[in-house]
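A short worksheet on the structure shown next.
Read the numbers this way: they start at 1 and go in the same order the structure lists the ligands and their atoms.
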Amino acid sequence: MQDRERRVLAQCDEVLDQTLEMTSDLVREYSVLGHERGALEVMEGWFERLGLPVERIPLDDPSLAQNPHHAPVDWPLGNRYNLVAALNPEASGPHLVFNGHLDVVPAEPTDTWTRPPWEPWQQEGWLYGRGAGDMKAGIAAMVMAVHAVRQAGVEIRLPLTLQTVIEEECSGNGALACIHRGHGGDFVLIPEPFGARIYSGQAGVVRFRVRVDGVPAHVLDTSAGSDAIETMQRLFPALKKLEAELNAERLPPYDVMAHPFNLNIGRFEGGNWASSVPAHAVIEGRIGFAPEASPASVMQRLVVAVQDAHVELELPGEPPRVDFHGFRSEGHLVDLESPGVCLLEACHRALTGRDAEHYLSTCTTDLRAFHVAAGVAGTCYGPVAERIHGVDERVNIESIRHTLKAYALFLCRWQQQVVAP
Ligand SMILES: [Zn+2]
């Protein structure tokens, strides 16, 4: 390792406390869908404090909706944006992007948490809170890595863009908006909390909603009504059957996994009164599928599965309504031979003395937008977190230090490899 690399790594140790402070500041802003403003403002404040230029990239840009990779959504877009810090945008040479998402998933019901999920706390080497792992620590590490490089006196001469985006947990439209505005770059690193492993591929994901209408009636004669909640539950086996089919069709590299493509019915809502036959039921869910399948084909199969079940089970009423909002994302495999991935492997070896493991994912990340919308190679590599999307989510502090160093070293070497010294 060169002297200046050692200097940069020493600087990473110096800025670890600030990195934890930024992570905690972000966790305090409970940035669930539609409520990202606080986290965005905190992030913007940090960019300014670190002397990084910051630009807002709005999600309600009308031309974004025309992008073929844009996922239709049914929630408001006004006043919602990503933040981009572009260094040396006019410089020639390969453009490096560090990208992370500021949005988190809901933590309710919160009474099962040790402390409120938006009040970060540290205990025995872990930092706790909703989004601490997924992925506010990763964002803090990637931003502070850039700061550490600069603090160590290494000039950044190449185009480098830091992106902190929203809607990673529901549509992928945040990252897409950055790419749509020309910030796709030539290689992207995303510090998702899957540990110090090279992310080697991800599943496709489609989000869906099914609505069943029944007939309301007084419970003195339930047979006068049609119970939408009961009807909805009778559709579940058809969805499980589709899930089983998608898993049965799996090909390498997913063939070594027992059940990579998961169905999740994540919301169930229906009825309006304890003593009225429920007149409506709605579920929202997501289903994963292989990189070979297209989102459109899986959406079609899901509609047919629900319609067929309605007929075969002779369910009452009109056929259930199926619609799609949010994720309709292709899966893909990471190009493990790309120069950026090889460089990351080298940085991992330099820091740990070992080869990096690979990690094949059953979910999706914003890597998808870079891959499909811009043909940009990239991977995920980040801190170690536990119970993401769960109770008492936490991120390992030493793994944040490692992420900080890996991103800083990567940035130094990326620039050294491609720019004449
Ligand atoms: Zn994430």
Side-chain angles (χ1 to χ4, degrees), residues 19 22-23 26-27 29-36 39-40 43 59 71 80 82-83 97-107 117-118 120 126-143 162-179 188-205 207 260 262 264 266 286 288 326-327 329-332 334 359-371 378-396 399-400 403 406-407:
T19 309
M22 188 194 300
T23 307
L26 291 171
V27 170
E29 303 298 332
Y30 182 53
S31 46
V32 293
L33 176 63
H35 301 271
E36 306 94 344
L40 286 160
M43 194 65 240
L59 259 71
R80 298 178 58 240
N82 308 299
L83 294 171
V97 174
F98 292 167
N99 168 295
H101 66 87
L102 283 170
D103 55 319
V104 301
V105 297
W118 44 82
W126 295 81
L127 197 161
Y128 290 77
R130 168 59 83 236
D134 189 12
M135 59 170 287
K136 290 171 170 175
I139 286 183
M142 75 183 196
V143 172
L162 293 167
Q163 303 175 357
T164 60
V165 306
I166 61 173
E167 289 217 7
E168 191 273 350
E169 297 285 5
C170 52
S171 72
N173 288 341
L176 186 71
C178 295
I179 294 159
V188 60
L189 277 183
I190 302 183
E192 285 280 8
F194 306 130
R197 299 183 287 181
I198 308 275
Y199 193 77
S200 60
Q202 58 186 12
V205 173
R207 260 175 82 133
N262 298 321
N264 187 61
R286 64 77 92 181
F327 286 131
S329 307
E330 306 79 350
H332 79 273
V334 167
Y359 173 62
L360 182 64
S361 167
T362 60
C363 72
T364 188
T365 69
D366 274 338
L367 205 54
R368 169 254 175 192
F370 289 88
H371 181 84
T379 189
C380 300
Y381 183 94
V384 172
E386 292 182 350
R387 302 190 287 271
I388 58 173
H389 295 218
V391 170
D392 286 352
E393 173 178 349
R394 65 181 191 171
V395 59
N396 181 276
S399 77
I400 300 174
T403 306
Y407 277 62

- Note on the structure: Of all N, O or S atoms in Glu192, the one closest to the Zn ion (ligand 1) is OE1
- Can you find a side-chain donor-acceptor pair between Glu168 and Thr365 that sits under 3.5 Å? no
- Is the distance from the Zn ion (ligand 1) to some N, O or S atom of Glu168 under 2.8 Å? no
- Message: With rounding to 10 degrees, what does the angle Asp134:OD1 / the Zn ion (ligand 1) / His101:NE2 come to?
- Response: 90°
- Identify which one of Glu169, Arg130, His101, Lys136 satisfies the side-chain hydrogen bond (donor to acceptor under 3.5 Å, both in side chains) criterion when paired with Ser31. Lys136
- Answer with yes or no after comparing the ring centroid distance for Phe194 and Tyr199 against a 6.0 Å cut-off, counting only values under it. yes
- Task: Show your working on side chain to side chain contact (heavy atoms under 4.5 Å, CB included) between Val395 and Met135 and close with a plain yes or no.
- Result: CA-CA 9 Å; Val395 59; Met135 59 170 287; over 6 Å; no
